Enquirer: 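Got a structure for you, written out below as structure tokens; questions coming shortly.
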Number of protein chains: 4
Amino acid sequence: MQETRRTPKQTRARVTVDAVLDAVVRIVKREGFAAVTTNRIAAVAGVSIGSVYQYFPNKAAIFAALHDRHVREMSRRIDEALVDHASASLEDLVRALVTAMVDAHAQDPELHDVLTNEVPNRGGPRAFQSRLRDALRLALAAREHLKPRQMERALFVLPNLIEAFAHGVAADRDGLSRTAAREEAVRATLAYLRACR
Amino acid sequence: MQETRRTPKQTRARVTVDAVLDAVVRIVKREGFAAVTTNRIAAVAGVSIGSVYQYFPNKAAIFAALHDRHVREMSRRIDEALVDHASASLEDLVRALVTAMVDAHAQDPELHDVLTNEVPNRGGPRAFQSRLRDALRLALAAREHLKPRQMERALFVLPNLIEAFAHGVAADRDGLSRTAAREEAVRATLAYLRACR
Amino acid sequence: MQETRRTPKQTRARVTVDAVLDAVVRIVKREGFAAVTTNRIAAVAGVSIGSVYQYFPNKAAIFAALHDRHVREMSRRIDEALVDHASASLEDLVRALVTAMVDAHAQDPELHDVLTNEVPNRGGPRAFQSRLRDALRLALAAREHLKPRQMERALFVLPNLIEAFAHGVAADRDGLSRTAAREEAVRATLAYLRACR
Amino acid sequence: MQETRRTPKQTRARVTVDAVLDAVVRIVKREGFAAVTTNRIAAVAGVSIGSVYQYFPNKAAIFAALHDRHVREMSRRIDEALVDHASASLEDLVRALVTAMVDAHAQDPELHDVLTNEVPNRGGPRAFQSRLRDALRLALAAREHLKPRQMERALFVLPNLIEAFAHGVAADRDGLSRTAAREEAVRATLAYLRACR
DNA sequence: CATGAATGAGTGTTCATTCAT
DNA sequence: AATGAATGAACACTCATTCAT
């Protein structure tokens, strides 16, 4: 009773916004980015075009919200891994982070591809890299004694490393299996970390 | 006498095509992707819109050609590194490849960003990953004794890794100097390679 | 209460469609066929170009609809003559049919000319000849004992005969008076019919 | 040696002009009227676009010349029939005229359809009706004693009649053989003529 | 609030015509 | 004279956005 308690207004807004964002994804996947018109979005989302403009000031804002949602979902996973493995070893935490990112992308590779290569993204797709960097900063600071210089370098390398694998898994659909790719990602990350010490 | 010898037709075509592609880049950088209209391209390229359509069947073909040119430039650099370091150690070759890619992107980060995030890219940015993969296949086969399985994994990982770093160095190094970032990228790549053995 | 009762949607559509078709006719008459651009049609019809495309998928469809409307109008007149003179003599029925066709064309000869000679007409202008043929088939079958062979021939000749006069009246603006032409048409048609017996 | 003697210039002009006109017909038949562009005409005619403009001031002139050629061909046939049957009965002459027109259209119905319904025709297709009218005036004056009023009417009716049948035979005879249709056209025309007396 | 018909600025593209070679 | 690359005005059509209902 208490947790689902939002005003009807908020709920409806939430539902409509999500329907719109999902519609964009569905259209890009099925008909390509060129088919993403605001009217089509409304139709696929099952709302009127007027309602779309009730929630988004313009088309670009829809894309921005879509990217935002993705970044938030990624951040959620990162935070979760961080908290769940707060007292685990660095190896285990890194494994958890890598697994979270790879799995997130592997789950719907097409979605990831769409977000990365088709939907315009003024903010850059690197928005959640900084969240990842922050998470790693916390993790490393608590566990390793790295000189500031080393820390900086590691914080440059690791997010790129992790994204490379996540990206690779999503793109190379008939390459490595998800499990193998994930293992490879963990191995590469830990190898680098060891080389840092 | 011999090197500049092309038919006037070919030369003119080349010049026009390049002017058009450069115009696209210039417009995206200065006014954003939304300002890239075919008529604007023609104006900035200093040719008539009719001439643009003499060389490109439609707008999408212009973008495709732009990506193509980029891929070719990348391939050129990869090939060069491969040949120049034909008898060098694997470490040196990998260093050369990473450096080549990083430098290529760092040279005009804005251009790279534009090509990656703004200009629609149906073929995927993976076109030159496969060139990179081929180069690495040659390099590894001649130097390391990897089991097929190991080779497969390394060839999946390395191109993604290198591209991620090239991106990363060009985009946000978060305080790291470009040289330091590049050095760290090489170190991370070699760390992975060593872990493969 | 009952006769004007249509949904607003249908009424509005009807009005817009007719305004568009009338606009085409007006433009062709006043400025020639070359001046018939979709934007000009919209302007003259008093609607936005977007609305035109709400009702017609493309420019050709506008022309098709225009011809269609003409054919329907002709068919209406034919049917009316047929029913009104169901129990009249063949002479009277033929006179009614000829009169209907000639008058229809004489009423707005310029319109007819435009439809015949300027507006592209993929379906052929003969669409309403077949309606005329059907009407005559009914009329003759009920009144004359023609052998199948004779019937076939009469059904080939009569529509052509009638169209020749209608066409002639519309085209030859300073030729015979409308009444005279109509009388001449009736005379020729009946002469032929008598020769068939 | 003497009759084909024209200056090379004139001959070349003739050949080019004809090639251009034939090209138009070929394109309309094969690809539809929309495909008739000046550049395509030049290509199909096997000459350069520049040469086309050497002989025609603009595109409309090409269409005009095409109609002109058709009218001239029709006139030739009319004149021939007139002379060949100078001392024949009116029936025979009319039969000859109808046959000439019907056959001319039946020979290449597609061409005729194209010229009538697709190629813009500012002059109206009536150009050769007046030639036909003149021929009939001569024929009737020499053979029948019609009052001026009757003559006027006959000269209004007959060309329209004959053209309608020529059209009709070429287009849709609805099961009738071409010979039968032509015979019936002659019968109908003569029936009208007799009713004039 | 929701709707969706209407809007019209702006786009990609064509093609008649020119003119330097 | 012949060529055909270049031109650019003009077109058909789309689609983000508005607003009366």
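Computed from heavy atoms alone, side chains included, the values below leave out hydrogens, waters and symmetry copies. Source: prediction; values computed, not measured. Quick note on labels: first sequence line is chain A, next is B, and so on, each numbered from 1.
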Enquirer: Output the residues of residues 31-52 of chain B in contact with DNA chain F, where contact means a heavy atom of the residue under 4.0 Å from an atom of the strand; sort by number or write none.
Expert: B:S48, B:I49, B:G50, B:S51
Enquirer: Identify, with sequence neighbours excluded, every residue that meets ring-ring contact (aromatic ring centres under 6.0 Å, His included) alongside C:F56.
Expert: none
Enquirer: Sequence neighbours excluded, which residues qualify as ring-ring contact (aromatic ring centres under 6.0 Å, His included) partners of D:Y53?
Expert: none
Enquirer: Which pairs, with at least one residue in residues 43-65 of chain D and sequence neighbours excluded, count as a salt bridge (charged side-chain N to carboxylate O under 4.0 Å, His left out)?
Expert: none
Enquirer: Please report, rounded to the nearest Å, how far the P atom of F:dC11 is from the CD1 atom of C:I62.
Expert: 14 Å
Enquirer: Output the rounded distance in Å from CG (B:N58) to C1' (E:dT11).
Expert: 14 Å
Enquirer: Give DNA chain F the dot-bracket treatment, 5' to 3': Watson-Crick (N1-N3 with N6-O4 or O6-N4) or G-U (N1-O2, O6-N3) under 3.5 Å, [ ] crossing, | other strand.
Expert: .||||||||||||||||||||
Enquirer: To the nearest Å, give me how far apart CZ (D:F56) and P (E:dC15) are.
Expert: 20 Å
Enquirer: For the pair made of NZ in A:K59 and C1' in E:dA9, what is the distance, rounded to whole Å?
Expert: 16 Å
Enquirer: So how far is it from C:D68 CG to C:I62 CD1, rounded to the nearest 0.5 Å?
Expert: 13.5 Å
Enquirer: To the nearest Å, how far apart are A:Y53 OH and F:dT17 C1'?
Expert: 5 Å
Enquirer: For B:F63 and E:dT11, give me the distance from atom CZ to atom P, rounded to whole Å.
Expert: 13 Å
Enquirer: May I have the list of side-chain donor-acceptor pairs in residues 38-47 of chain A shorter than 3.5 Å, sequence neighbours left out?
Expert:
{"from": "A:R40", "atom 1": "NE", "to": "A:E31", "atom 2": "OE1", "distance (Å)": "3.0"}
{"from": "A:R40", "atom 1": "NE", "to": "A:E31", "atom 2": "OE2", "distance (Å)": "3.3"}
{"from": "A:R40", "atom 1": "NH2", "to": "A:E31", "atom 2": "OE2", "distance (Å)": "2.9"}

Enquirer: Suppose we screen for side-chain hydrogen bond (donor to acceptor under 3.5 Å, both in side chains). Which residues come up paired with D:N58, at least two apart in sequence or across chains?
Expert: none
Enquirer: Between F:dG4 atom P and D:Q54 atom CD, what is the distance in whole Å?
Expert: 14 Å
Enquirer: Partners of D:D108 by side chain to side chain contact (heavy atoms under 4.5 Å, CB included), sequence neighbours excluded?
Expert: D:K29, D:E110, D:L111
Enquirer: Return the set of residues passing side-chain hydrogen bond (donor to acceptor under 3.5 Å, both in side chains) with B:H112 (not counting sequence neighbours), or none when no residue passes.
Expert: B:H105, B:T116
